[in-house]
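Throughout, protein chains are lettered first and strands after them, A, B, ... in sequence-line order, and every chain is numbered starting at 1.
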Amino acid sequence: MTRSLDTRALLMFALVGMLFVGTGFVQSWNIALGIFNMGLISAIMALGVNMQWGYAGLFNVGVMGFAALGGLAAVLVSMPPQQDAWAAGGVQVLLGLVLGAATIVLAILAWSKLPAGRMRALTMIVILVGGFFLFRSVFDTGVAAVEAVNPSAAGYLGGLGLPVILAWPVGGLLAAGAAWIIGKTALGLRSDYLAIATLGIAEIIIAVLKNEDWLARGVKNVTGIPRPVPYEVDLQQTEWFLDLAARMGASPVIFSSIFVKLCYAALFIVVLLALIWLSEKAWNSPWGRMMRAIRDNEVSASAMGKNVKARHLQVFILGSAIIGMAGAMMTTLDSQLVPGTYQPLRFTFLIWVMVIVGGSGNNWGAVLGGFLIWWLWIQVEPIGAFVMQGITAGMDPDAWLRGHLMDAVAHMRLLTMGVILLVVLRFSPRGLIPER
Amino acid sequence: MDILNAFVTLLNFVIIPATAYGAQLALGALGVTLIYGILRFSNFAHGDTMAFGTMIVILCTWGLQGAGVTFGPLPTALLALPVGIALTGLLVIGTDRVVYRFYRRQKAKPVIYVIASLGVMFIMNGIVRFIIGVDDQRFADGERFIISARTFRDLTGLEEGLAFRTSQGITIVVALIAMGLLFWFLNRTRTGKSMRAFSDNEDLALLSGINPERVVMITWLIVAALATTAGTLYGLDKSFKAFTYFQLLLPIFAAAIVGGLGNPVGAILGGFLIAFSEVGVTYAFRKVVEYLGPEGWSPDGLMQLLSTDYKFAVSFGILLIVLLFRPTGIMKGKSV
């Protein structure tokens, strides 16, 4: 592992580290730690994208969807189950879903087992249409019953009531399942098709999260997801914590907030380090060499007997699982699932900027990009406001243009990210820490 | 049984809106497919190019309205359209010079272009938000209806009204004109023929002395015109919001792929196919069935296959089916 980090890379990490330390001194340690925690999550997402893009050259623009599935896992695993809702229609909803899945399986079976011809197509259509109406009739009544139970506070099935940490691997599994479906259809075709298929599935996942109230309350949001770390209010009443705060000479309120963030950071760092270790192992293994061989020349790799499509599917699922895990961690950090906040520019394309800027094909590069770009994404706005203040200082404070320019600062970050992406892609296409 | 009323309802809520929407998608998909045919990459910035062009048209419309210029019963935006096309043309050609030409010289892989187009998308999105903001903007003026529901009822004595909005009529007419011009250009003019030759076989086209930079420049100009027109028509029909235009990317790509990437006729077919499925699947057919069924009977549910929130799922579903069974699209498109 030490081999993989040369002086240049270490220098880069030191510089990015200084950005965070600087934020701590100039603004506050609370803010710096907040950015750092999201930076850790971004770094994990970037690792997942790097696995798909850097290892195998797969172009996935559905990062948002996989992250949202992770978020869903956090709700499904950790929220307490809603007994009333389950009694009202939970079983029926599940039955409906099983019927829907059975229809699809049956249709696929019919397609693959029956002899080709008009009969086959007809049978499949009959199965699909009949199955759809059966599914809707069972499912819809169940959903109506579930959503009618205490809609203002619950109106959904709730989760399993398990510790939220378990949601992280579960989120990975959910994302892996979605990736399997996409990969089965779109891999093996042109690279652009995978991009568009992933773009589509991401939008659909968000639409499902927004509209299926029985699942995770839709746009009514699930709040108060249990935490894996102590709560600030509890800490502020604990003997040893107050002692510690007094010894540090900090006010218990601020120190408790910092302490909680540090706990999260510790958890995330453990996950990140484990993933980097595994990724590096994979990269340097025969498997990793095979993936690069396929990436660089698919024809010769398949001539050597490598099953290109199967390997692509494998790495696509692995990368998506990592993204799903990061999505679950993010929802855990926020303690809430808000489907309305999932925006493709923030969740998909920003992660791509991280990977390209950091260095595609290098795990450390992806991690560095995650931290750097996330820091910029947050800090461009205050910096932009500061600059704009300077530009408009000479203007009449009530002038229309001045107001418009000050309002427009909020959109600076998109512009900045686009420029950074294009500049890096052009002048340093291998990124800050290039692939070895 | 009341077939006439059922048909009018269907016309009013499904056929007319879907035709207008289909025309908008088709224009968008034509732009995507042309870029794909000539420059050989999927342009993710297309939705934001549409948004940029529409924004210029809107600003220009406001200027005209401020100066007291209107276009009689037609929306003023049509007068502003040429300005929008010209400025968008300048923008995309500038983008090509600054961004894409470099990769063309390098003979970069298509996916690198796609990533570059992501960067362009960010910047265009930023510019649009910077100038006009993120709010809904309505800029349609002139007559609202060609036939309003009330006039139609009075005219025919039917129970159901039929509203045919000016924006829908204009969309269909303008789209037809634009498509006619495009096909005339591609099939009859020398430049158009050289574009098709370049798309079919780049090496052979180069060998016969076609100037690639010129072909690329003209392609971008046409794409700018198509994108601005599509965006303006969509904005007139619904409303302008930067984020909606970004989301149009999915149905537009679906239309282009379903039709066969690189095939202009396919893009138009794909656009209408996607639009009709989207509207048809998400429309509640209750009223139509009520008219068709026996007197005094009405179905229990809404007779809606999917809620409107899942309209993306429709274009996506069609896309998946096409990818599974016919990856080159309905009309034969470029290689898989």
Please flag which part of B/M121 lies under 4.5 Å from any non-hydrogen atom of chain A: side chain, backbone, both or neither. side chain
B/P110 versus chain A, the contacting section by heavy-atom distance below 4.5 Å: side chain
Can you name the closest pair of heavy atoms from B/M50 and B/I252 and give their distance? SD-CD1, 3.7 Å
If you look at every heavy atom in A/A46 and A/M354, which pair is closest and at what distance? CB-CB, 4.3 Å
So, the part of A/L421 with a heavy atom under 4.5 Å from chain B: the answer is side chain
Output the option from A/V208, A/V353, A/I420, A/V61 having the highest count of non-hydrogen pairs under 4.5 Å with chain B. A/V208
If I measure from the heavy atoms of chain B, does A/F349 come under 4.5 Å with its side chain, its backbone, both, or neither? both
Nearest-0.5 Å distance that lies between atom CD1 in B/I56 and atom OG1 in B/T88: 6.0 Å
In this structure, CG of A/L114 is separated from CG of A/L122 (nearest 0.5 Å) by 11.0 Å
Could you tell me which residues in residues 196-204 of chain A have at least one non-hydrogen atom under 4.5 Å from a non-hydrogen atom of chain B, sorted by residue number? A/I196, A/A197, A/L199, A/G200, A/I201, A/E203, A/I204
B/L323 portion near chain A, given a 4.5 angstrom heavy-atom threshold: both
Using the ring centroid of each side chain, check whether A/W352 and A/F347 are separated by less than 6.0 Å. no
Is there a salt bridge (Lys or Arg N to Asp or Glu O under 4.0 Å) between A/D213 and A/R217? Walk through the geometry before answering. CA-CA 4 Å; A/D213 287 12; A/R217 301 198 73 214; over 6 Å; no
For the residue pair B/L27 and B/A230, what are the closest heavy atoms and their distance? CB-CB, 3.6 Å
Can you tell which part of B/Q247 gets under 4.5 Å to a heavy atom of chain A, answering side chain, backbone, both or neither? side chain
Side-chain donor/acceptor pairs under 3.5 Å, residues 422-431 of chain A, sequence neighbours excluded:
unit_1 : atom_1 : unit_2 : atom_2 : d
A/R426 : NH1    : B/V98  : O      : 2.7
A/S428 : OG     : A/G431 : O      : 3.3
A/R430 : NH2    : A/E435 : O      : 3.1

Flag the pair B/Y234 / B/Y245 as yes when their ring centroid distance falls below 6.0 Å, and as no otherwise. yes
Looking at A/V299, is its backbone amide N or carbonyl O close enough to the side chain of A/S302 to form a donor-acceptor pair, meaning the two atoms are under 3.5 Å apart? yes
Given a strict heavy-atom distance threshold of 4.5 Å, which part of B/Y113 is in contact with chain A: side chain, backbone, both, or neither? neither
What do you reckon, is NZ of A/K220 surrounded by more than 12 foreign heavy atoms closer than 6.0 Å? yes
May I ask you to name which of B/S42, B/S315, B/A254 has the most heavy-atom pairs under 4.5 Å with chain A? B/S42
For the candidates B/L324, B/L249, B/L305, B/V114, which exhibits the highest count of non-hydrogen atom pairs separated by less than 4.5 Å from chain A? B/L305
Between B/E278 and B/Y21, a side-chain donor and acceptor under 3.5 Å: yes
Between B/I115 and chain A, which part of the residue has a heavy atom less than 4.5 Å away: side chain, backbone, both or neither? both
Answer with side chain, backbone, both or neither: which region of B/L118 has an atom nearer than 4.5 Å to a non-hydrogen atom of chain A? both
Using a cut-off of under 4.5 Å for heavy-atom pairs, which of A/N211, A/D140, A/T185 has the most such pairs with chain B? A/N211
Taking the six-membered ring where the residue is Trp, are the ring centres of B/F325 and A/W111 under 6.0 Å apart? yes
Over 60° means perpendicular and under 30° means parallel, so classify the ring planes of A/F135 and A/F139, tilted if in between. parallel
Among B/F312, B/F102, B/F253, B/Y103, which has the most heavy-atom pairs under 4.5 Å with chain A? B/F102
Per-residue tally against chain A (heavy atom, under 4.5 Å) across B/F246, B/Y310, B/F41, B/F243 peaks at B/Y310
Using a 4.5 angstrom heavy-atom cutoff, name the option from A/G57, A/A186, A/P344 with the most pairs to chain B. A/P344
